Number of protein chains: 2
Amino acid sequence: MATIKDVSKLAGVSVATVSRYLNKNGYVSKEASETIAEVIEKLNYRPNNIARSLAGMKTATIGLMVPDILNPFFPELARSIEDAANEYGYTVMLCNTDNDSTKEQKYIDTLIQKQVDGIIISSYTIKPEHLTGLQKQAIPVVLMDNVFSSDSIVSLTVENRQGGELAVRHLLEQGCSKIAHICGPLSITSSRDRTAGFEHVCRGTDWFTPSLIGYSDFTVKGGYTAMKELLTMHPDLDGVFASNDLMAAGALKALQETDYKVPQDVKVIGFDGIGLEMLNPELSTIAQPIYKLGKTAMDALIGLIRKENDIMTDQVFPVTLSAKQSTMN
Amino acid sequence: MATIKDVSKLAGVSVATVSRYLNKNGYVSKEASETIAEVIEKLNYRPNNIARSLAGMKTATIGLMVPDILNPFFPELARSIEDAANEYGYTVMLCNTDNDSTKEQKYIDTLIQKQVDGIIISSYTIKPEHLTGLQKQAIPVVLMDNVFSSDSIVSLTVENRQGGELAVRHLLEQGCSKIAHICGPLSITSSRDRTAGFEHVCRGTDWFTPSLIGYSDFTVKGGYTAMKELLTMHPDLDGVFASNDLMAAGALKALQETDYKVPQDVKVIGFDGIGLEMLNPELSTIAQPIYKLGKTAMDALIGLIRKENDIMTDQVFPVTLSAKQSTMN
DNA sequence: AAATTATATGAAACCGATTACACATTATAA
DNA sequence: TTATAATGTGTAATCGGTTTCATATAATTT
């Protein structure tokens, strides 16, 4: 592997000149430039990024921590982040944390040691004190779905509560008169908010009763089980709002198995807007702007890394109703 | 950020001793060890990986190139690889290539510059000449779903053709007497092999005709469209083998929309074994040992990196029938 | 014509670790 | 009681770049 020294020697200039040429800073004469270019071509020289990083430049690498890439929400997020990172010339390190604090902590340590320039964290379990290590090293952080304000931390969330309300209102508009809810883990803020949206609209209506809320865990199987239970208690329900799409898919399956027709007998709506196009009927959902979230996260991170003065502050993104077959009339 | 120098100064020893302590090689007295340990604790010192890498050690990072993490097959692969990598103390760089040669080439360059210790590539489009850069740098490569033999390249594939045969035989056993096939891109070797398996079993039967093969693209939508077309030509078909699960899901949807009952009227089987538990009925499939593939890929890569003498050679993994509701009687 | 300023280059320090080598001390073997 | 081996430690070179600073020449100003 050719080094900058080899290039400088063969080009008859100093390494400093080659370095200036490579980084396009400082003066380099046209002759020198041309010679260097030729030599680089000839030796097929590529600067060693490790050495560059050590010499004080950045690593051009960011860490992306997600609970589990197997959950279809996260590939979408990961993809958008990687695309954006790529445009900025950054590379993404993928870390699955399983919402396990120990793993999170370990990964944060590793990422610090690997000198990543910034980290995007999507986590339900993370707490401010877990980020102190990053703060100490002044490594910028963008937090998704979680808010703790700080200088070097930007938080991005969506309007979960409004989304919950939107979902229920849509079901009501479509003629539902007894709406069940499958809520996600209560430990997750955004999950609680979605449920709060549901309750806000439903409490006070004549049909509402707490047993219309099923408690589940954001998985297909969980949604399926919760739906079955809800059906035994309320065989006459005619609408279901699940706090995420996976549970909604599970609910759909449970309904179909129990010979309820969706959307004729029961209408179903989810939350997230992941592409579950294989479902029949297709699922209405409250869509998060996932791609935009990823892109914004990366933009914000770059802003923090470059210490731009117009650093992005915390943002709350609107969600939109994506009405498909599962809530049609 | 504390450096090894800070530690050595505070501990009253040389950096060499601290380094020896850190890497547990060479002699370090008990007293020195204890003092160093205390100082490290006190300063919350963490060795700088970049410096370590530059000093000749490895980066403990591998690259993972996949076509698109949005395709549900790849999160499963990525997850298993990351888990295995983690156990070895490695970190994974995620690269989406979109089966685009230019992107692939760019990523390979980037990964070389970032000095990854090895690369796992899952790609339909990659060709041997794209890997010459890696060969030159002696960066080990594990190739999935593609075979080109070489010293520093190990290839892992599955028995695609046998899987195709298995799928059709299963349909026949379940009583199907007119089986259609939705095949994937012909540019992809494993796709062609699966179709070859189908043809091998079907050619020569009295019902087979080439128009029972629909050409598609490994997507849900593609499978859906292909199924609709097949149905107009062969409304009496009673079995479908799709070359991957996504197309099978699309086919399932098309069948249900056209009021065919699955599995009563038509039985459907896919290929891959990705977890599409939200489908109703659940999809029978020819399952690849995805987790094992990932784990093995990582093991092989580590073997190449460490230049172990019992380096793994190319492997072809068996596939298994996962019979679910969609092919039941 | 003298004083500035812009252009161009190289020597050497530095980033934060690893490691070969030299040297000193202690423990064991002959 | 030596000779030899095992243990322990520090100095300095090295990895491959970036960057400060000093210096030299060419181009402008005054």
Side-chain angles (χ1 to χ4, degrees), chain A residues 1-37 39-40 43-61 109-110 112-117 136-139, chain B residues 1-37 39-40 43-61 89 109-110 112-117 137-139:
Chain A
M1 185 79 183
T3 72
I4 198 173
K5 244 181 219 162
D6 301 328
V7 175
S8 80
K9 227 170 270 174
L10 210 64
V13 297
S14 72
V15 292
T17 304
V18 179
S19 179
R20 278 189 289 263
Y21 168 84
L22 290 171
N23 299 294
K24 303 187 204 311
N25 60 23
Y27 297 108
V28 180
S29 68
K30 205 188 271 178
E31 296 100 297
S33 291
E34 279 165 12
T35 321
I36 292 171
V39 173
I40 286 178
L43 296 181
N44 190 31
Y45 165 77
R46 295 277 176 282
N48 179 324
N49 253 288
I50 300 290
R52 278 190 151 168
S53 301
L54 183 58
M57 289 189 56
K58 301 300 189 152
T59 51
T61 301
D109 267 12
T110 305
I112 290 176
Q113 279 178 63
K114 297 214 171 182
Q115 309 261 96
V116 296
D117 295 341
K136 264 188 204 155
Q137 315 297 327
I139 295 178
Chain B
M1 184 76 182
T3 73
I4 198 173
K5 245 182 219 161
D6 302 326
V7 175
S8 80
K9 226 170 272 174
L10 210 63
V13 297
S14 72
V15 293
T17 304
V18 179
S19 178
R20 271 181 227 116
Y21 168 84
L22 290 170
N23 299 294
K24 304 187 203 311
N25 60 23
Y27 299 108
V28 181
S29 68
K30 204 189 269 178
E31 296 100 298
S33 290
E34 279 165 11
T35 322
I36 292 171
V39 173
I40 285 178
L43 295 182
N44 190 32
Y45 165 78
R46 295 278 175 282
N48 179 324
N49 253 287
I50 300 289
R52 278 189 151 168
S53 302
L54 183 58
M57 290 191 55
K58 301 301 188 150
T59 51
T61 301
D109 267 12
T110 305
I112 291 176
Q113 277 178 63
K114 297 214 170 181
Q115 308 262 93
V116 295
D117 295 341
Q137 314 298 326
I139 295 178

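Letters A, B, ... are given to chains in the order of the sequence lines, protein chains preceding strands, and every chain is numbered from 1. Everything numeric in this text was worked out from a predicted model, so none of it was measured.
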Which part of the nucleic acid, if any, lies within contact of [X], taking any heavy atom under 4.0 Å across all strands shown: a base, the sugar-phosphate backbone alone, or nothing?
X       : answer
A:Tyr45 : sugar-phosphate
B:Thr17 : sugar-phosphate
B:Val28 : sugar-phosphate
A:Asn23 : sugar-phosphate

A:Asn23 (side chain) donor-acceptor with A:Asn25 (main chain) under 3.5 angstrom: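 No; zero donor-acceptor contacts below 3.5 Å.
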Short side-chain to backbone donor-acceptor contact, B:Lys114 and A:Ala60, under 3.5 Å: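 Yes.
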Close side-chain approach of A:Val13 and A:Arg20, heavy atoms under 4.5 Å: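 Of all side-chain heavy-atom pairs linking A:Arg20 with A:Val13, none is under 4.5 Å.
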Can you tell me which nucleotide in [options] comes closest to the side chain of [X]?
X       : options                : result
B:Arg20 : D:dG17, C:dC21, D:dG16 : C:dC21
B:Thr3  : C:dA17, D:dC15, C:dG10 : C:dA17
B:Tyr27 : D:dA6, D:dG10, D:dT18  : D:dA6
A:Ile4  : D:dT19, C:dA17, D:dT18 : D:dT18
B:Pro47 : C:dA17, C:dA6, D:dG17  : C:dA17

Rounded to whole Å, how long is the line connecting atom [atom1] of [X] with atom [atom2] of [N]?
X       : N      : atom1 : atom2 : value
B:Leu22 : C:dA17 : CG    : P     : 8 Å
A:Lys5  : D:dG17 : NZ    : C1'   : 10 Å
B:Lys58 : C:dT18 : NZ    : C1'   : 15 Å

[N] OP1/OP2 closer than 4.0 Å to side-chain N/O of [X]:
X       : N      : answer
A:Asn48 : D:dC15 : no
B:Ser19 : C:dT18 : yes
B:Ser29 : D:dT9  : yes

To the nearest 0.5 Å, what is the distance between CE on A:Met1 and CD on B:Gln113?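 The CE atom of A:Met1 sits 7.0 Å away from the CD atom of B:Gln113.
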